[in-house]
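Every chain is numbered from 1 and lettered A, B, ... according to where its sequence line falls, protein lines coming before strand lines. Computed from heavy atoms alone, side chains included, the values below leave out hydrogens, waters and symmetry copies. Being a predicted model, the structure only gives us computed values, none of them experimental.
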There are 2 protein chains.
Amino acid sequence: MAIPRAAKTQRRTRIQEEKEEVILEAALDVFSMHGFKGATIDQIAEVAGMSKPNLLYYFRTKEAMHRALIDRVLDTWLDPLREFDAEGNPEIEIKSYIRRKLEMARDFPRESRLFANEILRGAPTIMEELDDLRKLVDEKAEVIRAWVKAGKISRCDPYHLIFSIWATTQHYADFDVQVRAVLGPTRSGDGRFEDAARFLEQLYMNGLQVTT
Amino acid sequence: MAIPRAAKTQRRTRIQEEKEEVILEAALDVFSMHGFKGATIDQIAEVAGMSKPNLLYYFRTKEAMHRALIDRVLDTWLDPLREFDAEGNPEIEIKSYIRRKLEMARDFPRESRLFANEILRGAPTIMEELDDLRKLVDEKAEVIRAWVKAGKISRCDPYHLIFSIWATTQHYADFDVQVRAVLGPTRSGDGRFEDAARFLEQLYMNGLQVTT
DNA sequence: TGTAATGTTTACCAACCGGTCAAATTATCC
DNA sequence: GGATAATTTGACCGGTTGGTAAACATTACA
């Protein structure tokens, strides 16, 4: 008899590893495009190239699938912020943070939209994780405050600084259609990320009067 | 016999005016929270305080309701950008644009989230309207370019400047839960909009080296 | 190679959801 | 007040969707 997935906490088969990977990849496609309610298991199963009951053998509910997906992505999503280094100098740190966030918007737009969807809906499934986020941001806000105190950047609210970097970078993933529509077909090539990087670096370097 | 709503293009009853208002208000609540697919007509009907068939008497499909809602909101949503004045001086214009956009994020978060939802899903219902948006932005980008040419602000990409203002301000509506979670209960009062305004004004005034 | 565990499929179900219908009720206007 | 148009409701329907049951197929392993 088949053992329900939740029961076998220890050993995972080769097939399990592979199929779960395929499923989560497909789920990312569908969830990020249509949101949680808008996505259907049949859709995900089709993209994953398997039957619905087969998919439900690996993730027993749609909810479980969504949760697994978000948990996995959440980790890598915050990596750029974690790398924010107190020892480094503000110019390098802020510039590279913007770069990395922009790269993620360019290379992982589905992940960005998945989160945007989740937050838009009031973060029903990652409420607790938001507390960890708060601690991380608190920590990094302290770093920024130290830079201010040391006179390396001008006085500013570190939280709103971080919010603004999140917003401006993720915008290119979450509002991609709008950005493309406004820039028009000719200027919508990959070059737009370079343009964005240039603009944002200038904005923040001058805006924070970072001493180089 | 009741005349279907679409037929009577001219005269609208007192009751029609009122009920349609109530319905759109309720629809805004539900659509902005759950997205198009996630929202159900029953839900909207309950919030609107009427039965589902009664609601469908005024809007014959869920789609029609959503469309009416977006069309109505779209107009007022772009007002701040339209007011962007070429004659004005950059400091006043940019500052007040930021202010107005922040006020809208504070006072009309549901409208903001409705749009965010729409754009996230690839703007299926307002694709054509995006063309008007492009024209408007093109126009305003020209204004900004003129300021650059006149040496009133530093050289920058006007499109990405506009994107960044959209992103940073709407962030406080669309990602409200996250902002609150990060700021914590004590700093999540209405004061956060003032803090945001202060930060953003400083960022943009210095960032663009606006001559005062 | 045999067998037990794992993986897959077909058929199905109950709940939900968008929308209809016809009858009942209420507002409007002469 | 009565005819007529506008509004409201309860009952219902067909399609979709999340999820299940059980038979069937395959793999892992002794």
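- B/Glu20 has its CD atom 11 Å from the P atom of D/dT8, to the nearest Å.
- Relative orientation of the B/Phe31 and B/His66 rings is perpendicular, given thresholds of 30° and 60° on the angle between their planes.
- A salt bridge does not link B/Arg106 to B/Glu103: none of the charged nitrogens lies less than 4.0 Å from a carboxylate oxygen.
- In this structure, B/Lys62 satisfies the cation-pi test against B/Phe36, with its NZ or CZ atom closer than 6.0 Å to the six-membered ring centre and inside 45 degrees of the ring normal.
- The pair B/Arg110-B/Glu25 counts as a salt bridge, with a side-chain nitrogen and a carboxylate oxygen less than 4.0 angstrom apart.
- Separating the NZ atom of A/Lys19 from the P atom of D/dT26 is a distance of 12 Å, rounded to the nearest angstrom.
- Rounding to whole angstrom units, CZ of residue A/Phe59 and P of D/dG19 are separated by 13 Å.
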Spell out protein contact along nucleotides 19-25 of chain C as letters: B when the base is contacted, S when just the sugar-phosphate is, - when no protein heavy atom is under 4.0 Å; keep the 5' to 3' order.
-> BBB----

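- No donor-acceptor distance shorter than 3.5 angstrom exists from the side chain of A/Arg187 to the backbone of A/Gly184, with no hydrogens or angles considered.
- Atom C1' of nucleotide D/dA6 and atom CD of B/Glu17 are separated by 15 Å, given to the nearest angstrom.
- Taking the centre of each ring, A/Trp147 and A/Phe84 come in below the 6.0 Å mark.
- Taking atom CD of B/Gln43 as the reference point, atom P of C/dC17 lies 8 Å away to the nearest angstrom.
- Side-chain nitrogen and oxygen atoms of B/Gln16 include none within less than 4.0 Å of the OP1 or OP2 phosphate oxygen of D/dA6.
- Summarising the geometry, the separation between CD1 on B/Ile44 and P on C/dC17 is reported as 12 Å, rounded to the nearest angstrom.
- Using cut-offs of 30° and 60° on the angle between ring planes, the pair B/His171 and B/Phe175 is parallel.
- Following rounding to the nearest Å, A/Asn54 (CG) and D/dA25 (C1') show an atom-to-atom distance of 12 Å.
- Between A/Tyr57 and C/dG7, a side-chain N or O to OP1/OP2 separation shorter than 4.0 Å is present.
- Phosphate contact (OP1/OP2 of C/dT9, side-chain N/O of A/Ser51, threshold under 4.0 Å): present.
- Here the side chain of B/Tyr58 is nearest to one of C/dG7, D/dT17, D/dT7, namely D/dT7.
- The main-chain N or O of B/Thr125 is found under 3.5 Å from a side-chain atom of B/Glu118 such that the two form a donor-acceptor pair.
- For the contact set between residues 31-40 of chain A and DNA chain D, defined by any heavy atom under 4.0 Å, the members are A/Ala39, A/Thr40.
- Between the side chain of A/Arg113 and the backbone N or O of A/Asp174, no donor-acceptor pair lies under 3.5 Å.
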